[in-house]
Undergrad: 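Have a look at this one.
Both counts, for ligands and for their atoms, begin at 1 and track the order of listing.
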Amino acid sequence: MKVLILEGSPRIKGNSSILCDEFERGAIESGCDVEKIHITRKKIGGCLGCDACQRNGGNCIQKDDMTEIKDKMIDADAIVLASPIYFYSMSSQLKALIDRTYAFYTKLESKTFYFIITCAAPDESYTKTMLDALHGFTCCVPNSIEGGTVIGTNSSNAGDVKQSKAMLEAYNMGKNIVNH
Ligand SMILES: Cc1cc2nc3c(=O)[nH]c(=O)nc-3n(C[C@H](O)[C@H](O)[C@H](O)COP(=O)(O)O)c2cc1C
């Protein structure tokens with residue numbers, strides 16, 4: 001099973017990345033082939049809304065790192081979308097990536113999506129608006145499955161999430177991935 005982790009925090013060693021590593025550890029133990037990409041290290045322009053991709057078979061006119069990520073997303077069986085909460089929504093880098101799937105999101109049909117979210121807020125109720133945004137994406141992908149969500153709360157500084165029960169939850173979500 002091929003798993004692609006799209007880690008959307010600009011803090012490369014931050015809380016989102018730490019939870020992604022726990023997920024990855026579990027998934028590898030379950031025999032998955034896992035690739036993790038720090039998307040903030042990639043050049044991904046925002047969607048231009050030109051609709052060229054709708055006329056030309058799904059190819060964006062922007063030639064940037066989304067070309068390689070597109071191929072990896074289409075190739076994956078499961079995709080993890082991870083991001084800190086920024087002003088009650090996802091990071092701009094993850095949002096740009098999601099918007100760029102406008103060119104090919106129908107080709108993600110029937111894949112399983114997992115969400116990993118981190119925030120400074122003390123409880124999960126503060127993550128509703130971000131989850132709504134992520135659901136807004138998956139509900140557009142035909143027959144997509146939401147495999148699970150892990151939320152690391154109380155995590156202001158990089159590394160705070162290590163004290164959280166989200167560490168074990170992320171590991172278990174990765175470990176159980178083959179059961180979906
Ligand atoms: C621009 C910005 C906006 C933020 N907005 C929120 C927010 O709305 N709610 C919240 O709980 N935390 C907010 N935070 C805190 C981050 O979500 C939190 O520190 C998270 O753990 C960072 O994850 P990372 O270490 O993976 O970068 C914000 C942080 C930044 C830098």
Undergrad: With K2, which of D33, D75, D71 fulfils salt bridge (Lys or Arg N to Asp or Glu O under 4.0 Å)?
TA: D75
Undergrad: What distance do N59 atom CG and K70 atom NZ have between them, rounded to the nearest 0.5 Å?
TA: 4.5 Å
Undergrad: With sequence neighbours left out, which residue pairs that include part of residues 32-81 fulfil the ring-ring contact (aromatic ring centres under 6.0 Å, His included) condition?
TA: none
Undergrad: Which protein residues come within less than 4.0 angstrom of ligand 1, counting heavy atoms only?
TA: S9, R11, G14, N15, S16, P84, I85, Y86, F87, Y88, T118, C119, A120, A121, S155, S156
Undergrad: With sequence neighbours excluded, tell me which residues meet ring-ring contact (aromatic ring centres under 6.0 Å, His included) with Y86.
TA: none
Undergrad: Which pairs with one or both residues in residues 150-165 pass side-chain hydrogen bond (donor to acceptor under 3.5 Å, both in side chains), sequence neighbours excluded?
TA: K165-E169
Undergrad: Looking at D21 and R25, is there a salt bridge between them, counting it only when a charged N and a carboxylate O are closer than 4.0 Å?
TA: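 Salt bridge: no.
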